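To start, the structure itself, in C-alpha cells.
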Amino acid sequence: MKKNDWLLAGAVLVIACLASVFLYGGRERGSCVLVQVDGTEYGTYDLYTDQVIEIGTSNRLEIRDGEAFMAYAECPDQLCVHMAPISQVHELIVCMPNRVAVEVVERRNGRTITSRSGRLIQAGICGMTNRCTEKHLRTI
C-alpha cells in the first residue's frame, strides 16, 4: 500500500471512532419508562423495580434488572417482542399494530422528560428522585 492509502485508511478509522463515541458514548440510563397507547399516556413505570405491566389485553411489558422489554404481543409480526431490551434515555420499543410505544425517559423535579417533542409531562407514578442533569434539560 502507498502512503496515501495508509493516510486514507487512518482518517476513515478516526472518523468512525469519533462517530461511534458521539452516537453511543454520551448515553445515560433512564429512570422510568413511559408507555403510550394510541398516542395517549398509559402509564409511567420505575425502571429499577422489577415488574410486569399488562398493556390492555394486547401487550405485556416486563421490567427486570433496569431494562424493559416487550414479553408478549398479540400482533402478527412480533417485531416488538424481538427487539433488544431498552434502558438508555430516548430508546424506544414500538408495537405498530397495537399502537403501543414504550420510551425510556428521565425524571426531574417530579416531571418526566421525554424526547419526542421535548415536552414535559407531569407524571406522579414513577417515584424516582432527581437523576437528570442540567445537560439533559438543555438538549430538549
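Values below: all heavy atoms of this structure, side chains included; hydrogens, waters and symmetry mates excluded. Being a predicted model, the structure only gives us computed values, none of them experimental.
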Practice problem: In sequence, state the C-alpha distance, the side-chain angles, and the governing distance for Met96 and Leu79, and then conclude on side chain to side chain contact (heavy atoms under 4.5 Å, CB included). | Solution: CA-CA 9 Å; Met96 292 298 284; Leu79 291 176; over 6 Å; no
Quiz item: Side chains of Arg64 and Phe69: closer than 4.5 Å at any heavy-atom pair?
Solution: yes
Practice problem: List, by chain and then residue number, the residues other than Val12 in its hydrophobic cluster (Ile/Leu/Val/Met/Phe/Trp/Tyr, side-chain heavy atoms under 4.5 Å); write none if there are no others. | Solution: Leu8
Quiz item: How long is the span from the CD1 atom in Ile55 to the CZ atom in Arg60, to the nearest 0.5 Å?
Solution: 10.5 Å
Quiz prompt | Closest contact, heavy atoms only, Gly30 versus Leu47 | solution = O-CD2, 3.6 Å
Quiz prompt | Closest non-hydrogen atom pair, Leu92 against Ile86 | solution = O-CG2, 4.0 Å
Quiz item: Where do Ala68 and Leu61 come nearest, in terms of heavy atoms and distance?
Solution: CB-CD1, 4.2 Å
Quiz item: Mind checking whether Val35 and Tyr48 sit in one hydrophobic cluster, side chains of I, L, V, M, F, W, Y counted as touching below 4.5 Å?
Solution: yes
Self-check item: Side-chain donor/acceptor of Glu103 to backbone N/O of Gln36, under 3.5 Å
Solution: no
Exercise. Specify the closest pair of heavy atoms between Ile93 and Ala84, including all atoms of both residues, with the distance to one decimal.
Key: CD1-O, 4.4 Å
Quiz item: Do the side chain of Tyr42 and the main chain of Val100 share a donor and acceptor less than 3.5 angstrom apart?
Solution: no
Quiz item: Which pair of heavy atoms, one from Arg29 and one from Glu106, lies closest together, and at what distance?
Solution: O-OE1, 3.3 Å
Practice problem: Drop me the distance from Cys95's SG to Asp77's CG, to the nearest 0.5 angstrom. | Solution: 7.0 Å
Quiz item: CD of Glu74 to OG1 of Thr57: how many Å apart, nearest 0.5 Å?
Solution: 5.5 Å
Quiz item: Are Val33 and Tyr72 grouped together when hydrophobic residues (ILVMFWY) are joined by side-chain heavy atoms under 4.5 angstrom apart?
Solution: no
Quiz prompt | Check against side chain to side chain contact (heavy atoms under 4.5 Å, CB included), Leu34 and Glu41 | solution = CA-CA 7 Å; Leu34 172 65; Glu41 183 177 345; 3.6 Å; yes
Quiz prompt | Considering all heavy atoms, the nearest Pro85-Glu67 contact | solution = CB-OE1, 3.7 Å
